[in-house]
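Taking it in order: structure first as structure tokens, then the write-up.
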Amino acid sequence: MKNHLCERISAARTYGCMQHRRPPRFPAPKSPPSSPDNGSDDRFAAVIQSCDDAIIVKTLTGIVTSWNKGAEHIFGYTEKEMIGQSTLRLFPIARIDEEYYVIERILNGEQVPHFNTVRIRKDGTPVDVSAAISPVRDKDGGIVGASIIARDITEQVGLESDAQQFRALLDCSDDAIITETLDGRICSWNGAARAIFGYSAEETVGQPMLRLLPEERVDEEAFILGNIMAGEKIDHFETVRIRKDREPIHVSTTVLPIRDRLGNIVGASHILRDITPLRRQQEQLEHIAHFDSLTDLPNRMLLTDRLHQAIAMSKRTGRQLVVLYLDLDGFKRINDIHGHVVGDTLLGDISRRIAASLRAADTLARIGGDEFAAVLVDIDSDKKLTCVLDRILKSCAAPVYVDDKRLEVSASIGVTVYPHDDVDEDQLMRHANLAMYEAKQAGKNRYHMFDAFREAEGKSRHTYVRRLAEALQNSELVLHYQPKVNMKTGAVIGVEALIRWQHPEQGLLSPAQFLPLIEGHHLNEEIGIWVIGRALQQMEEWRQLGMRMPVSVNLAPHQLQDKNFPSILAGLLARYPEIAPSDLELEILETSALQDIEAVSCVMQSCRKLGVQFSIDDFGTGYSSLTYLKRLPANTLKIDQSFIRDMLTDREDLAIVRGVIGLAKAFRRKVIAEGVETVEHGKRLLQLGCELAQGYGISHPFPADALSGWLSSWSTRADWK
């Protein structure tokens with residue numbers, strides 16, 4: 001074909017030379033501007049030069065005679081570099097035959113319609129072009145060359161190639177990839193989508209996306225499209241879709257927006273993975289992790305979660321919930337006699353009975369062995385709770401028949417109510433368990449209510465006892481001293497030792513803040529012994545400084561009834577032989593002294609033999625008789641400060657104060673008033689015949705090292721003299 005084509009080209013060239021004897025008209029010769037034809041040629045040339053497409057004219061031998069700016073842009077060659085050059089320099093070797101084919105068509109007077117091919121740029125890189133070629137004729141119609149219009153389609157070819165590769169990739173994917181328009185209609189459907197959902201592309205393309213959603217999830221479509229139109233990607237989320245056979249499947253879905261070349265969102269792409277087998281396996285594992293294998297009831301882990309949710313609900317609604325802890329009475333004996341198989345059958349039957357006694361909203365769980373727990377919600381009355389508990393007890397006590405064996409058990413149930421018992425879920429379970437043991441000890445086959453207030457009080461007391469014991473060991477307890485004086489003469493007759501707790505966080509605490517919490521506990525007596533020992537030690541330190549100062553201390557109530565107390569006191573006194581025992585006065589509360597008058601009197605008599613003195617504190621607050629007063633070997637009566645405080649305004653209090661002073665004189669006892677706060681209190685007491693006093697009107701309690709400073713500044717009030 002090449003030789004034949006060369007012959008035709010040669011003949012055409014010879015014919016053209018013989019007929020016309022002039023070169024082709026490309027490019028057109030320049031004419032004077034005044035010529036109308038020349039003006040048209042200039043405008044035509046300008047259009048050609050401004051075109052983005054390559055417009056090339058060549059001779060029948062392939063020599064370039066015209067080269068526009070579009071050609072320069074596409075191929076990289078300038079007009080100067082290409083005029084007079086062969087177009088074959090643009091051809092890859094594999095495409096040279098195209099030139100001879102085109103020339104053959106041109107010589108036949110045919111146009112070559114658009115075809116896609118490849119050419120070579122100046123820099124050696126290939127460029128994909130779409131070309132159309134037409135014959136160029138002279139004035140007489142003879143074919144003298146060819147005009148080529150070429151367009152760079154490299155990007156388009158790349159996109160088409162990418163699209164083909166992408167479609168191939170989609171078809172190979174194990175994930176269903178479905179695209180939809182913004183009005184919710186499916187517009188593409190890959191092979192994995194067919195395998196997962198059972199629909200072919202023909203059955204789904206153009207159909208609403210909603211056909212894949214179960215009724216209870218149709219709102220998801222609006223949510224998805226709303227996010228997509230906002231330009232947001234929806235990352236992996238698990239949901240449920242419907243197959244062609246109407247079976248639900250669990251899928252993990254990612255949805256991305258689809259944009260056009262201008263960046264406008266035109267649709268959504270769904271990538272779905274079938275996770276149904278994984279989900280079923282997970283559900284099986286979760287069931288094993290949260291349910292008891294024997295009874296299929298929730299286990300302790302799930303019960304804790306349900307209880308946590310119930311507490312949160314109770315806080316929101318204000319309704320109470322109840323926790324039950326149940327243990328089967330007599331189960332161990334049946335299990336030991338008849339074996340585990342019979343025992344397991346019994347447990348299964350009993351668990352179903354208990355569950356039937358509860359409501360659907362309640363939770364029953366097997367804790368282990370023959371122990372169960374239940375969470376009852378929305379229990380709004382004691383009557384309703386009692387009915388539930390009675391049903392459970394009755395269902396557990398009914399006989400169970402296993403292999404013709406009549407088996408009988410009962411239940412002991414512990415009950416606690418939230419928020420009356422305002423603790424966390426673990427503590428609620430412990431409290432219900434404690435109540436269950438109370439039910440067992442009370443005779444079984446019954447329930448017992450946990451007393452949250454009693455428990456809180458006991459727990460608080462235990463904490464304080466432990467902490468106060470640590471304070472005693474860590475020397476956090478200290479003594480302050482309040483002077484006792486003769487208001488008439490100004491003489492200081494002694495001091496009262498008052499305990500304080502130098503708490504590292506809370507500062508200095510008065511005895512009213514911590515001693516009541518240990519009342520009745522042996523620690524109270526231990527602290528009482530410590531106070532006596534510390535007071536004697538301080539008396540010795542003052543003696544060495546040249547000060548003799550009698551000290552009174554308060555006794556714990558039970559010390560008066562402890563027959564060993566006199567020997568303990570003797571041991572303390574023996575440590576300080578230089579201290580006169582009569583300088584130590586032991587103050588006892590009137591009310592505690594009269595609880596066992598015989599025992600208290602014996603202890604006091606034994607202590608009196610050691611030389612110590614006694615006073616009855618808070619006198620007038622008890623119900624003593626003159627006979628009791630006569631039998632107690634106390635030297636001093638202390639009038640309670642509650643009477644002193646109001647004696648100036650309250651006639652009854654004044655009468656009591658006058659009566660106590662009269663009793664003291666009648667029984668030849670000293671009398672001292674505590675709580676003297678003003679000069680007027682002192683004046684009135686002196687008028688009544690009471691000269692001894694202590695109180696804030698004389699001095700506040702102070703540390704031991706402040707005594708000498710106070711003594712040097714003390715003098716009695718002028719009005720008292």
- Message: Ignoring hydrogens, what is the shortest heavy-atom contact between V375 and A310? Give both atom names and the distance.
- Response: CG1-CB, 4.0 Å

- Hey, are S412 and D327 close enough side-chain-wise for a donor-acceptor pair under 3.5 Å? no

- Item | Stepwise side chain to side chain contact (heavy atoms under 4.5 Å, CB included) check, R353 with V400 | CA-CA 11 Å; R353 291 183 183 180; V400 176; 3.5 Å; yes

- Query: Just how far is it from atom OG of S552 to atom CD of Q482, taken to the nearest 0.5 Å?
  - Reply: 9.5 Å

- Under 4.5 Å between any side-chain heavy atoms of L536 and R575, yes or no? no

- Task: Could you walk me through whether E674 and D640 pass side chain to side chain contact (heavy atoms under 4.5 Å, CB included), step by step?
- Result: CA-CA 6 Å; E674 59 179 356; D640 186 65; 3.7 Å; yes

- Task: Return yes when atom OH of Y437 has more than 12 non-hydrogen atoms of other residues, nucleotides or ligands closer than 6.0 Å, and no otherwise.
- Result: no

- Item | Inter-residue atom distance I367.CD1 - R300.CZ, 0.5 Å rounding | 4.5 Å

- Can Q559 and N524 be counted as having a side-chain donor-acceptor contact under 3.5 angstrom? no

- Of all residues at least two apart in sequence or in a different chain, which pass the ring pair (Phe, Tyr, Trp, His ring centres under 6.0 Å) check with Y481? W542

- Query: Between the main-chain N or O of N445 and the side-chain N or O of D329, is there a donor-acceptor pair closer than 3.5 Å?
  - Reply: yes

- Message: In the structure I gave you, are the side-chain heavy atoms of C607 and P566 within less than 4.5 Å of one another anywhere?
- Response: yes

- List for me each residue that meets salt bridge (Lys or Arg N to Asp or Glu O under 4.0 Å) alongside D362, sequence neighbours excluded, and say none if there are none. R359

- Qualifying residues under salt bridge (Lys or Arg N to Asp or Glu O under 4.0 Å), relative to D404, sequence neighbours excluded: none

- Do the non-hydrogen side-chain atoms of L610 and L584 ever get within less than 4.5 Å of each other? no

- Considering non-hydrogen atoms only, spot the tightest contact between H290 and L302 and give its length. O-CB, 3.5 Å

- Item | Least distance between heavy atoms, D421 atom then L428 atom | O-CD2, 3.5 Å

- Okay, side chain of D403, backbone of K405: is any donor-acceptor separation there less than 3.5 Å? no

- salt bridge (charged side-chain N to carboxylate O under 4.0 Å, His left out): which pairs involve residues 308-319, sequence neighbours left out? R319-D378

- Query: Residues in ring pair (Phe, Tyr, Trp, His ring centres under 6.0 Å) with H503, at least two apart?
  - Reply: W501

- Message: Does atom CD (E652) have a neighbourhood of more than 12 heavy atoms from anything else shown, all under 6.0 Å?
- Response: no

- Any chance you could lay out the side chain to side chain contact (heavy atoms under 4.5 Å, CB included) test for I532 and L555, step after step, and finish with the verdict? CA-CA 9 Å; I532 296 173; L555 283 185; 3.8 Å; yes

- L573 side chain reached by V612 side chain, heavy atoms, under 4.5 Å: yes

- Enumerate the residue pairs fulfilling salt bridge (charged side-chain N to carboxylate O under 4.0 Å, His left out) with a member in residues 497-506, sequence neighbours excluded, ordered by first and then second residue. none

- Looking only at heavy atoms, the pair that brings P633 and R608 closest together is O-NH1, 2.9 Å

- Message: Using side-chain heavy atoms (C-beta onward) and a distance below 4.5 Å, is D583 in contact with M539?
- Response: yes

- Item | Distance-only donor-acceptor check, side chains E425 and T304, under 3.5 Å | no

- Query: Atom CG in D390, atom CG in L385: separation rounded to 0.5 Å?
  - Reply: 9.5 Å

- Message: Are T239 and R217 packed together at the side-chain level, in the sense that at least one heavy-atom pair is separated by less than 4.5 angstrom?
- Response: yes

Under 3.5 Å, sequence neighbours excluded: what are the donor-acceptor pairs made by side chains of residues 334-341?
from, atom 1, to, atom 2, distance (Å)
N335, ND2, H340, ND1, 3.2
D336, OD2, K332, NZ, 3.0

- Between CG on residue L328 and NZ on residue K444, distance to nearest 0.5 Å: 11.5 Å

- Regarding R306 and Q309, is there a side-chain donor-to-acceptor distance under 3.5 Å anywhere? no

- Message: I'd like to check T386 versus Y447 (side-chain heavy atoms, cut-off strictly below 4.5 Å). Are they in contact?
- Response: yes

- Query: So, are R366 and D292 salt-bridged, with charged N and O less than 4.0 Å apart?
  - Reply: yes

- Message: Can you tell me which residue among L358, V415, T363 is in a side chain to side chain contact (heavy atoms under 4.5 Å, CB included) with L376?
- Response: L358

- Message: So, using side chain to side chain donor-acceptor pair (under 3.5 Å) as the criterion, who are the partners of S351 when residues are at least two apart?
- Response: none

- Query: With sequence neighbours left out, what residues match R279 under salt bridge (Lys or Arg N to Asp or Glu O under 4.0 Å)?
  - Reply: E238, E283

- Item | Side chain R534, main chain L477, donor-acceptor under 3.5 Å | no

- Query: Does E470 CD have over 12 foreign heavy atoms under 6.0 Å away?
  - Reply: yes

- Once you round to the nearest 0.5 Å, how far does CE of M429 lie from OG1 of T416? 11.0 Å

- Message: So does P399 get a backbone contact from the side chain of R406, meaning a donor-acceptor N/O pair under 3.5 Å?
- Response: no

- For Y696, which residues count as a ring pair (Phe, Tyr, Trp, His ring centres under 6.0 Å) partner, sequence neighbours excluded? H700

- Note on the structure: By ring pair (Phe, Tyr, Trp, His ring centres under 6.0 Å), F331 pairs with (sequence neighbours left out) none

- Does some side-chain heavy atom of I529 sit less than 4.5 Å from a side-chain heavy atom of L572? yes

- Message: Strictly below 4.0 Å, N to O, side chains only: are E585 and K638 in salt-bridge contact?
- Response: no

- Query: Stepwise, does the side chain to side chain contact (heavy atoms under 4.5 Å, CB included) test hold for K484 with I672?
  - Reply: CA-CA 9 Å; K484 297 187 289 185; I672 182 170; 3.5 Å; yes

- Donor-acceptor pair, side chain of D424 and main chain of Q427, under 3.5 angstrom: yes

- Checking N635 side chain against F614 main chain: does a donor-acceptor pair fall under 3.5 Å? yes

- Should R467 and E476 count as an ion pair when the cut-off is N to O under 4.0 Å? yes

- Message: So, taking the atom named CG in L479 and the one named CD in E496, what distance separates them when rounded to the nearest 0.5 Å?
- Response: 11.0 Å

- For atom NZ of K440, is the number of surrounding heavy atoms from other residues, nucleotides or ligands below 6.0 Å larger than 12? yes

- Closest contact, heavy atoms only, R446 versus G443: NE-C, 3.7 Å

- Task: Check salt bridge (Lys or Arg N to Asp or Glu O under 4.0 Å) between E541 and all other residues, then give those that pass, not counting sequence neighbours.
- Result: none

- Please report the closest heavy-atom contact between I350 and S395, naming both atoms and the distance. CD1-O, 4.4 Å

